[in-house]
Novice: 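Before we start, here is the structure in question, set down as structure tokens.
Here is how names work: the chains are called A, B, and so on, in the same order as the sequence lines, proteins then strands, and each is numbered from 1. Just so it is clear, the model here is predicted, and its values are computed rather than measured. Excluded from the calculations below are hydrogen atoms, water molecules and symmetry mates; all remaining heavy atoms, backbone and side chain alike, are included.
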Number of protein chains: 2
Amino acid sequence: MTSDERRVSIMELLKTRGRCMKGIELAEIFNVSRQVIVQDIAVLRASGEAIIATPTGYFVTPPRESVSLRKTIVTKHEGVDSIEEELVTIVDNGGKILDVIVEHPVYGEIRGNLMVGTRYDVEQFMKKVREDRAEPLSSLTEGLHLHTIEVPDEETYERILRELKKRNYLI
Amino acid sequence: MTSDERRVSIMELLKTRGRCMKGIELAEIFNVSRQVIVQDIAVLRASGEAIIATPTGYFVTPPRESVSLRKTIVTKHEGVDSIEEELVTIVDNGGKILDVIVEHPVYGEIRGNLMVGTRYDVEQFMKKVREDRAEPLSSLTEGLHLHTIEVPDEETYERILRELKKRNYLI
DNA sequence: TTGGTGACAAGACAGCTGTAAAGTCATTTA
DNA sequence: TAAATGACTTTACAGCTGTCTTGTCACCAA
């Protein structure tokens, strides 16, 4: 293992584990002295990595760590009623639909906000859709669209995927 | 000054100054011993403040400060050529157009990506608009729309506003 | 062969935070 | 009045990072 490989590995370790890692700890992992690690950290910092040293070890600030997970799902369906069923499936299983995204020939991705997290939200949203007779964004792409959804954990995400698949909405 | 007042002041100091502040430094400012500061930090942390201790002092992570400023402008115009003139005006004066936003009866805000920062970008974008004969998003609202633009400083922002106003694009 | 360079080990030290213990002083409570 | 409590000071120590110095070893070039 070269110095550079070790430095890359150090960054991976720091990024992967959220917790602090002490210099001596890293030194033992890579079978080098603590001073070598100190030097590696200096080099990594010089190359732009935002490594922070604390009395309990090194760490890097997590890149926008949110309590809940954000996932993107690709779904397809046509008709207003299908929209409702899709949304209901997601919120019933613990997900929150943040937006809808479709591909536009000029703008690339177009995002529309939804912020639908409960059955009540779904109702309000569908009411607006029906009242305004507005074309849903997904009509631009024959029903194909993406949603950003927020879920508390991986398990919830898997469950939502299963339920959507069961109803043939998932791509 | 009570303990609570001192703790509030400590947080203000840490948030205001970007740099690290040592325990002994804070102790001298408030005329107390370092141990009192240590205790204060412990209390503040217990109350949810994300204070980080480093060998060079305490600090709080800055709230996602970006190097450049992001501003939102409201403009209005009709016709494809006006689009081009508006974009050119912005990029010529040092702005980058990140997106276009219009109000949609159902989705609220709809965002389309632009990422136009140079005249070349403007050309490419206009080419796509003309080739695809795609309706620009702003046609939904009689030409009224918002842009998020990125500028290096306030001065640039003011200049862009002046130039847009001169051409009667600004609301 | 000789000299230079890079990577590393080992030890020592300074500065910082965090913890703990013991003592002082004013205020509150029984 | 006497005890208890809270805020603070002082002292001491452990653990960590960062810096510095000295020495070893392998490799490469003149």
Novice: Just the rounded figure in Å: distance from P of D:dC16 to CG of A:Leu26.
Specialist: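 Atom-to-atom, A:Leu26 to D:dC16, this comes out as 12 Å.
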
Novice: Examine D:dA7: is either OP1 or OP2 under 4.0 Å from a nitrogen or oxygen in the side chain of B:Arg7? Give yes or no.
Specialist: no

Novice: Could you state the interatomic distance from CG (A:Leu87) to CG (A:Asp121), rounded to the nearest 0.5 Å?
Specialist: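 Those atoms lie 10.0 Å apart.
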
Novice: Without decimals, in angstroms, what is the distance between A:Ile51 CD1 and D:dG18 C1'?
Specialist: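 From A:Ile51 CD1 to D:dG18 C1': 14 Å.
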
Novice: Side-chain N or O of B:Arg45 less than 4.0 angstrom from OP1 or OP2 on C:dG18?
Specialist: yes

Novice: So that I can tick it off, tell me whether A:Lys166 and A:Glu163 are bridged by a salt bridge, with the cut-off set at under 4.0 angstrom between side-chain N and carboxylate O.
Specialist: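 Yes, A:Glu163 and A:Lys166 are salt-bridged.
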
Novice: What's the CD1-P distance between B:Ile52 and C:dG18, to the nearest Å?
Specialist: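 Going from B:Ile52 (CD1) to C:dG18 (P), I get 12 Å.
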
Novice: Do the side chain of A:His147 and the main chain of A:Asp99 share a donor and acceptor less than 3.5 angstrom apart?
Specialist: yes

Novice: Return the value, rounded to whole Å, for the distance between atom CD of A:Glu28 and atom P of D:dC16.
Specialist: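 The answer, rounded to whole Å, is 11 Å.
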
Novice: Rounded to whole Å, please give me the gap between CG in A:Asp4 and P in C:dG6.
Specialist: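 That distance rounds to 14 Å.
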
Novice: So does B:Lys127 pair up with B:Glu123, basic N to acidic O under 4.0 Å?
Specialist: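 Answer for the salt bridge query: no.
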
Novice: Determine yes or no for a side-chain-to-main-chain donor-acceptor pair under 3.5 angstrom, with A:Arg159 supplying the side chain and A:Asn93 the backbone.
Specialist: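 Pair found, side chain donor or acceptor close to backbone of A:Asn93.
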
Novice: Rounding to a whole Å, what distance do you find between B:Ile24:CD1 and C:dG18:P?
Specialist: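 Computing the B:Ile24:CD1 to C:dG18:P distance gives 14 Å.
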
Novice: What's the OH-C1' distance between B:Tyr58 and D:dC16, to the nearest Å?
Specialist: 14 Å

Novice: Rounded to the nearest 0.5 Å, what separation is found between the CZ atom of A:Arg45 and the OH atom of A:Tyr58?
Specialist: 6.5 Å

Novice: Would you mind reading off the distance between A:Leu44 atom CG and D:dT17 atom C1', rounded to a whole angstrom?
Specialist: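 The answer, rounded to whole Å, is 16 Å.
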
Novice: Tell me which residues in residues 29-41 of chain B lie within less than 4.0 Å of DNA chain D, going by non-hydrogen atoms.
Specialist: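 Listed by number, they are B:Asn31, B:Val32, B:Ser33, B:Gln35, B:Val36.
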
Novice: Could you say whether A:Ala42 or A:Lys22 is positioned toward the 5' end of DNA chain D, judged by the nucleotide with the nearest heavy atom to each?
Specialist: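 Looking at DNA chain D, the more 5' nearest nucleotide goes with A:Lys22.
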
Novice: Of all residues at least two apart in sequence or in a different chain, which pass the ring-ring contact (aromatic ring centres under 6.0 Å, His included) check with B:Phe125?
Specialist: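 Partners of B:Phe125 by the ring-ring contact (aromatic ring centres under 6.0 Å, His included) criterion, ordered by chain and then number, come out as A:Tyr107.
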
Novice: Between B:Arg6 and B:Pro55, which has a closest nucleotide on DNA chain D that is more 5'?
Specialist: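 By nearest-heavy-atom nucleotide position, the 5'-most residue is B:Arg6.
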
